[in-house]
Colleague: 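Below you'll find the structure I mean.
Starting from 1, each residue takes its place in the sequence as its number.
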Amino acid sequence: MRSTSTALKHPPVPAPPTEPAGATTPFPQLEVAIDRQRRRGRGAQSNDSGRFEAEARVAFDDGWQSLDELPPFKTTVGLDTARKVITRNDSPDIGFDRSINPYRGCEHGCVYCFARPTHAFLGLSPGLDFESKLFAKPDAPALLEKELAAPDYEPKMIAIGTNTDPYQPIERDSKIMRGILEVLERASHPVGIVTKSALVTRDIDILSRMAKRNLAKVALSVTTLDPKLARSMEPRASTPANRLEALRQLSDAGIPTTVMVAPVIPALNDMEIERILDAAAHAGVKEASYVLLRLPLEVRDLFREWLMANYPDRYRHVFTLIRDMRGGRDYDSQWGTRMKGTGPIAWMIGRRFEIACAKLGLNKKRVKLTTDHFARPNRAGQQLSLF
């Protein structure tokens with residue numbers, strides 16, 4: 001069914017009502033439009049149209065059980081024919097000014113992912129479309145080499161995995177990320193990687209060689225040590241145990257590693273900060289960081305739906321604490337505070353993190369990658385030097 005009503009496109013998520021003890025369906029009015037079997041193994045509960053669309057598509061049973069005939073969501077991969085692969089930013093609260101995203105969309109399906117709203121620019125939903133309708137950039141290695149060869153290119157660390165995960169499941173076959181690393185290694189260009197996938201260990205051979213020349217470091221996000229919570233919140237990402245094992249293998253190979261406790265969600269995983277840091281330190285990690293839950297644009301309602309479906313008893317408490325750390329709002333995008341929040345609760349989380357790091361000897365020294373070895377690739381048709 002189609003509708004041009006903005007109210008239908010982005011309906012407000014009502015607060016859960018008070019139900020008598022023992023009620024079997026606590027939130028009957030919050031049933032999601034997508035049947036559980038159709039979205040099995042996915043993070044989002046719904047698939048609302050993107051905010052730029054003139055029409056909204058709403059699943060509606062016309063009385064003939066037509067919804068029963070709809071197929072489950074399957075992962076499809078399209079081609080992204082971008083002409084450039086390095087993305088620039090001038091955000092003052094981020095430690096890099098350029099990044100690469102080999103993929104658009106992410107099959108890991110993390111319900112809290114702040115990159116979900118970017119799918120609206122493709123005319124797709126930040127919900128289930130984001131984790132099932134993916135786009136790959138097979139030309140990324142060739143485009144990168146071309147950009148690095150430009151006469152006016154000035155090398156600085158390139159961050160990969162800051163938007164969508166470069167080691168999501170489709171990377172096993174496409175190997176775009178490995179091709180990018182091969183280009184960076186040949187050019188002796190520094191790279192910092194962020195991932196939730198143990199697949200990163202596949203490229204230890206390249207990363208260890210680069211690390212010996214101070215050209216590579218890897219951060220793994222460990223949101224929780226509870227496999228049940230991880231399965232629900234990050235359904236297709238590596239298990240917490242596998243991420244810790246990946247950190248151990250990377251550290252043993254001499255690759256500088258960082259554990260990211262991200263995102264910290266009050267009343268859901270914040271009580272695990274110390275245990276995550278302790279487990280990572282025992283895996284050989286030397287650096288750590290954290291990021292508070294961010295709920296920009298469509299992510300807010302997607303997270304609300306997930307929270308009410310999986311942890312309805314914590315809904316009010318979680319959002320009360322979130323607003324306490326965001327100036328009374330669900331999200332505050334101000335530079336300098338969007339990552340850590342403000343107020344006494346945010347301050348307490350920050351102090352707990354700092355104390356735990358100090359006890360474990362984390363962050364005593366931070367690795368800074370070098371650009372001293374950069375060797376500009378030869379441009380197509382360029383005459384080689386005789387000396």
Colleague: Could you give me the CA-CA distance, side-chain angles and deciding distance for Ile160 and Val194, then say whether side-chain contact (heavy atoms from CB on, under 4.5 Å) is met?
Modeller: CA-CA 6 Å; Ile160 306 181; Val194 179; over 6 Å; no
Colleague: Check the hydrophobic clustering (I, L, V, M, F, W, Y; side-chain heavy atoms under 4.5 Å; chains of links allowed) and say if Phe353 and Leu292 are grouped together.
Modeller: yes
Colleague: Filter on ring-ring contact (aromatic ring centres under 6.0 Å, His included), then keep only pairs touching residues 162-203, sequence neighbours left out; what's left?
Modeller: Tyr153-His189, His189-Phe374
Colleague: Within the side chain of Lys137, is there an N or O that forms a donor-acceptor pair under 3.5 Å with the backbone of Asn101?
Modeller: yes
Colleague: Would you check if Glu145 and Arg186 make a side-chain contact, meaning some heavy-atom pair closer than 4.5 Å?
Modeller: yes
Colleague: Can you give each donor-acceptor pair under 3.5 Å made by side-chain atoms of residues 126-134, sequence neighbours left out, with the distance rounded to 0.1 Å?
Modeller:
unit_1	atom_1	unit_2	atom_2	d
Asp129	OD1	Asn47	ND2	3.2
Asp129	OD2	Ser125	N	3.0
Glu131	OE1	Gly43	N	2.7
Glu131	OE2	Ala44	N	3.1
Glu131	OE2	Arg116	NH1	3.3
Glu131	OE2	Arg116	NH2	2.7
Ser132	OG	Leu128	O	2.7

Colleague: Nearest heavy-atom pair of Thr371 and Pro155: which atoms, and what distance?
Modeller: CG2-O, 3.6 Å
Colleague: Output every pair passing ring-ring contact (aromatic ring centres under 6.0 Å, His included) with a member in residues 318-341, not counting sequence neighbours, ordered by first then second residue.
Modeller: Tyr315-Phe319
Colleague: Are side-chain heavy atoms of Ile180 and Ile158 found at a separation under 4.5 Å?
Modeller: no
Colleague: Tell me whether His373 at atom NE2 has more than 12 heavy atoms from other residues, nucleotides or ligands lying less than 6.0 Å away.
Modeller: yes
Colleague: For the backbone of Gly109 and the side chain of Arg42, can you confirm whether one donor and one acceptor N or O come within less than 3.5 Å of each other?
Modeller: no
Colleague: Look up atom CG in Asp97 and atom CZ in Arg88, then write down how far apart they are to the nearest 0.5 Å.
Modeller: 6.5 Å
Colleague: Among the clusters formed by ILVMFWY side chains lying less than 4.5 Å apart, do Leu321 and Val318 turn up in the same one?
Modeller: no
Colleague: What are the two closest heavy atoms between Arg338 and Ser333, and how far apart are they?
Modeller: CD-O, 3.9 Å
Colleague: Give me the atom names and distance for the closest heavy-atom approach of Pro235 to Gly41.
Modeller: CB-O, 3.5 Å
Colleague: Can you find a heavy atom in the side chain of Asn310 that is under 4.5 Å from one in the side chain of Leu229?
Modeller: no
Colleague: Sub-3.5 Å donor-acceptor pair from the side chain of Arg294 to the main-chain atoms of Phe114, do we have one?
Modeller: no
Colleague: Answer yes or no: is there a donor N or O on one side and an acceptor on the other, between the side chain of Asn269 and the main chain of Pro263, under 3.5 Å?
Modeller: yes
Colleague: So how far is it from Asp301 CG to Ser46 OG, rounded to the nearest 0.5 Å?
Modeller: 8.0 Å
Colleague: Between Met325 and Thr342, does a side-chain contact (heavy atoms from CB on, under 4.5 Å) hold up when you go through it step by step?
Modeller: CA-CA 5 Å; Met325 294 186 286; Thr342 58; 5.9 Å; no
Colleague: Could you go step by step and tell me if Arg178 and Asp205 meet the salt bridge (charged side-chain N to carboxylate O under 4.0 Å, His left out) rule?
Modeller: CA-CA 11 Å; Arg178 185 169 179 86; Asp205 56 336; 2.7 Å; yes
Colleague: Would you compute the distance between atom CG of Leu184 and atom CG of Leu215 and round it to the nearest 0.5 angstrom?
Modeller: 9.5 Å
Colleague: Test side-chain contact (heavy atoms from CB on, under 4.5 Å) on Thr162 and Thr87; report intermediate values, then the result.
Modeller: CA-CA 11 Å; Thr162 58; Thr87 301; over 6 Å; no
Colleague: Taking 4.0 angstrom as the limit, do Asp330 and Arg323 come out as a salt bridge?
Modeller: yes
Colleague: Hey, could you give me the OG1/CD distance between Thr118 and Glu298, rounded to the nearest 0.5 Å?
Modeller: 9.5 Å
Colleague: Cut-off 3.5 Å, side chains only: do Thr224 and Arg231 have a donor facing an acceptor?
Modeller: no
Colleague: Distance only, no hydrogens: is a donor on one side chain within 3.5 Å (strictly under) of an acceptor on the other, for Tyr311 and Ser232?
Modeller: no
Colleague: Using a 4.5 Å cut-off between side-chain heavy atoms of Ile, Leu, Val, Met, Phe, Trp and Tyr, which other residues end up in the same hydrophobic cluster as Leu124?
Modeller: Leu122, Phe135
Colleague: Does atom NZ of Lys340 have more than 12 heavy-atom neighbours from other groups under 6.0 Å away?
Modeller: yes
Colleague: Not counting sequence neighbours, which residues clear side-chain hydrogen bond (donor to acceptor under 3.5 Å, both in side chains) with Asp324? List them please.
Modeller: none
Colleague: Under the side-chain contact (heavy atoms from CB on, under 4.5 Å) rule, what do Thr195 and Leu220 come out as? Steps first, then yes or no, please.
Modeller: CA-CA 5 Å; Thr195 182; Leu220 264 84; 3.9 Å; yes
Colleague: Taking atom CZ of Arg351 as the centre, report whether more than 12 heavy atoms of other residues, nucleotides or ligands fall under 6.0 Å from it.
Modeller: yes
Colleague: Between Thr257 and Leu247 (side chain of the first, backbone of the second, donor and acceptor by atom type, cut-off under 3.5 Å), is there such a pair?
Modeller: no
Colleague: Between Ile255 and Ser208, is there a side-chain heavy-atom distance shorter than 4.5 Å?
Modeller: yes
Colleague: Does Glu171 pair with Arg202 as a salt bridge, N-O distance under 4.0 Å?
Modeller: yes
Colleague: What are the two closest heavy atoms between Gly336 and Asp93, and how far apart are they?
Modeller: N-OD2, 3.2 Å
Colleague: Listed by chain and number, what are the side-chain hydrogen bond (donor to acceptor under 3.5 Å, both in side chains) partners of Asp139, not counting sequence neighbours?
Modeller: none
Colleague: Less than 4.5 Å apart, side chain to side chain, heavy atoms only: is that true for Glu272 and Val222?
Modeller: no
Colleague: Should the heavy atoms of other residues, nucleotides or ligands under 6.0 Å from CZ of Arg40 be counted, would the total exceed 12?
Modeller: no
Colleague: With rounding to the nearest 0.5 angstrom, report the CG to OG1 distance, Leu293 to Thr223.
Modeller: 10.5 Å
Colleague: Give the minimum heavy-atom separation between Tyr290 and Gly350, together with the two atoms involved.
Modeller: OH-CA, 3.3 Å
Colleague: How about Met210 and Glu185: do any of their side-chain heavy atoms sit closer than 4.5 Å?
Modeller: yes
Colleague: May I ask you to decide if Val367's main-chain N or O and Glu287's side chain share a donor-acceptor pair within less than 3.5 Å?
Modeller: yes
Colleague: What I'd like to find out is whether the side chain of Lys156 reaches to under 4.5 Å of the side chain of Arg98, using heavy atoms alone.
Modeller: yes
Colleague: If we ignore hydrogens and angles and just use 3.5 Å, is the side chain of Arg376 paired with the main-chain N or O of Ala150 as donor and acceptor?
Modeller: yes
Colleague: Is any side-chain heavy atom of Ser197 closer than 4.5 Å to a side-chain heavy atom of Met177?
Modeller: no
Colleague: Salt bridge (charged side-chain N to carboxylate O under 4.0 Å, His left out) between Glu274 and Lys359: does it pass, once the steps are laid out?
Modeller: CA-CA 10 Å; Glu274 290 83 359; Lys359 287 182 177 179; over 6 Å; no
Colleague: Rounded to the nearest 0.5 Å, what separates atom OG in Ser289 from atom CG in Asn363?
Modeller: 8.0 Å
Colleague: Does Ala375 offer a backbone N or O that forms a donor-acceptor pair with the side chain of Ser188 under 3.5 Å?
Modeller: no
Colleague: Does a sphere of radius 6.0 Å around CZ in Arg366 hold more than 12 heavy atoms from other residues, nucleotides or ligands, not counting ones at 6.0 Å or beyond?
Modeller: yes
Colleague: Any idea which heavy atoms bring Gly341 and Ala346 closest together, and the distance?
Modeller: C-CB, 3.7 Å
Colleague: Please check: side-chain N/O of Gln168 versus main-chain N/O of Gly105, any donor-acceptor pairing under 3.5 Å?
Modeller: yes
